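Every chain is numbered from 1 and lettered A, B, ... according to where its sequence line falls, protein lines coming before strand lines. The figures that follow rest on heavy atoms only: side chains count, while hydrogens, waters and symmetry mates do not. Predicted model only: the values in this text are computed from it and were never measured.
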Amino acid sequence: MLKVYNTYTLTKETFNPITPGHIKMYVCGPTVYNYIHLGNARSASAFDTIRRYLTYRGYQVDYVSNFTDLGDKVIQQAQKEGLTEAQLAQKYEMAFDQDTAKLNIIPATVRSKATEVMTEIIDFVTDLLEKGYAYEVEGDVYFRARKFSNYGILSHQNLNEMEENAAGRLNAQEALRKEDPIDFALWKGEHRSGVQAWSSPWGFGRPGWHIECSVMIDKYLGPAIDLHGGGIDLAFPHHTNEIAQSETHSGEEFVRYWLHNGFVNVNQEKMSKSLGNFTTVHELLSQYSDAQTLRFLLTKTHYRRPINYSDTTLEQAQIELDRIRRAYRRLAKRVAVESIKDSTDAAVEEQLKLIKADFMDAMDDDFNTENGLAVIFELVTLINQYADQNSLQLATAHHLLDALQTLTSIFGIDNLELKESLNEEEQQLLDARAQARLMKDFTASDRLRDELLAKGVVVRDTVQGQEWERK
RNA sequence: GGUGGUAUAGCCAAGUGGUAAGGCAGUGGUCUGCAAAACCGUGAUCGCCGGUUCGACUCCGGUUACCACCUCCA
């Protein structure tokens, strides 16, 4: 039975989708004004793994995500880079696609840009005005937060305290316009010329911070969805405001389960653009070629817990992933080389069955990837034990390999095969060493092994002959 | 100040009212020409104080430290 932790109720709840077998899921995407950093990637990675697991579990998942391609940040950065807002957004949207593709994150079923749903946004805001939950002031439109009786539940904040906090930071102009400091903008008037603005019943302007998500969900998934995801920092105000807008608009429960991921920390501090302690995926992958290791690091920690990012944790992830890959390659190689009886091994099949069940139990518990990983390591040990046996059964060997591939693919690791190859010189050294070993010239063979090691190639001797691995 | 979270072996990190998964490192062994890899074995009483209980790391109260949200932020 699948259970998920719902931020709305702060408890783990049994998961029941609105439509059996079908899941409607929305995850907040990036504002495309620069390269994504590891924190953004963590969110995308975590929800990709959740989506992959739900799919593995047999659900049909409709996954919608947005690109925010408008707003002050986009305008500012466009001016800095000498591009139009649309060009800038296009540039970083493509960068997002490239970075996430390297991390093996499956693109959402539907991906929409805020600028593509402008008509729907205006209609949505109009409806909120007609319902009396919004008001216009000099080209701005605000939502009457206090009128929505469940306002703030998701973020577990007290309304009056929120009001005090809000009042303290409002600028005088904004304070004058709002009926209540906690009201939030649905539409912001834009009076400058030459910057992104759309025509509306309230004059030229742009949508407020939160409306695009409400609109896209309504447009692509309908008034009620099963899962809504994003970073925990979005619980307030972003998701809080989404609930108010959407439930006022539809009169229905907006989201069944709110899922929020934790942060990537550096030196026990949140990685963020404002703190300036961020590492972009773009730069990290350009200097560190193994994107799979990065993905593995981002996925193996439970999605609600913080990830400590450092060179050490990255190395640790590399070591763990290597152990998994080695087991896979070891058995795969033996199966490929030897002629083996195509039959099954009942005892091993039984263990494999248990492992698969354990994996599902782990992941059914609010997507507990930490425990899922422990089960994967059990499978690794089983494979290593099996690969040592004299009488391998081909079918069972394939079942083990398929299982390992399937389970790791849920973690975003799609290919356990070795992609690297040796260059001509390295191959010659390796061949020469094989020859030396044949002649039992161990002095020469050890020297050649050292030479290869100096080039970053680790050589091991196995029953099947030499085996190599890039360090 | 309010709210949410975290504190478990050298490090990363699961977990349950009944004497603590897994990975890394270390260490002993098997295997190996040597090595590596792999396999087998090996270590903690769970921030602190108090309470409930036959029994708590797991429940309750308090306390300390750290993080996050309350402003755009995954």
| Side-chain contact, heavy-atom cut-off 4.5 Å: A/Leu70 with A/Glu85? | no
Classify the nucleic acid contact of [X] as base, sugar-phosphate or nothing, counting any heavy atom under 4.0 Å across all strands shown.
| X | answer |
| --- | --- |
| A/Thr313 | nothing |
| A/Val459 | base |
| A/Phe47 | nothing |
| A/Val375 | nothing |
| A/Gly262 | base |

Do A/Asp233 and B/C72 have a side chain to base donor-acceptor pair shorter than 3.5 Å?
no
Subject >> Distance-only donor-acceptor test, A/Lys270 side-chain atoms vs B/C67 base atoms, 3.5 Å >> reply: no
Looking only at side-chain N and O atoms, does [X] come under 4.0 Å of OP1 or OP2 in [N]?
| X | N | answer |
| --- | --- | --- |
| A/Arg325 | B/A37 | no |
| A/Gln385 | B/C40 | yes |
| A/Asn384 | B/A38 | no |
| A/Lys273 | B/A74 | yes |
| A/Lys300 | B/A13 | no |
| A/Arg330 | B/A37 | no |
| A/Thr381 | B/C39 | yes |

Whole-Å distance between B/U16 C1' and A/Asn368 CG?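 The answer, rounded to whole Å, is 14 Å.
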Readout for nucleotides 1-10 of chain B: B = base within 4.0 Å of protein heavy atom, S = sugar-phosphate only, - = neither; 5' to 3' it is BBSSSSS---
Look at the side chain of [X] and decide which nucleotide, out of [options], has an atom nearest to it.
| X | options | result |
| --- | --- | --- |
| A/Glu370 | B/A68, B/A36, B/A13 | B/A13 |
| A/Arg449 | B/A35, B/A68, B/C73 | B/A35 |
| A/Leu234 | B/A38, B/C67, B/C73 | B/C73 |
| A/Trp209 | B/C72, B/A37, B/A74 | B/C72 |

Heavy-atom contacts under 4.0 Å between residues 100-114 of chain A and RNA chain B, which residues?
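Those residues: none at all.
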Please name the nucleotide paired to B/A44 by Watson-Crick or G-U wobble geometry with both distances under 3.5 Å, or report none.
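Base-paired to nothing in any strand shown.
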In Watson-Crick or G-U wobble terms, with both distances under 3.5 Å, the base opposite B/U19 is none
Going by an N to O cut-off under 4.0 Å, is there a salt bridge joining A/Glu467 and A/Arg326?
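Looking at A/Glu467 and A/Arg326, the cut-off is not met.
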TODO: In plain terms, say whether A/Glu93 and A/Arg111 are close enough for a salt bridge, that is, a side-chain N and a carboxylate O under 4.0 Å apart.
DONE: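 No, this pair does not count.
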request  = Run through A/Asn261, A/Asp366, A/Thr369, A/Thr49 and flag the one making a side-chain hydrogen bond (donor to acceptor under 3.5 Å, both in side chains) with A/Tyr303.
outcome  =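 Single pass found, and it is A/Asp366.
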Going by ring centres under 5.5 Å and near-parallel planes (under 30°), is A/Phe442 stacked on B/G33?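 A/Phe442 vs B/G33: stacking yes.
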**Prompt:** Is there a donor-acceptor contact under 3.5 Å linking the side chains of A/Asn308 and A/Ser310?
**Reply:**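 No - no donor-acceptor pair under 3.5 Å links their side chains.
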Is the distance between the ring centroids of A/Tyr92 and A/Tyr35 under 6.0 Å?
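Between A/Tyr35 and A/Tyr92, which both carry aromatic rings, the centre distance is below 6.0 Å.
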With sequence neighbours left out, the residues meeting side chain to side chain donor-acceptor pair (under 3.5 Å) with A/Thr31 are none
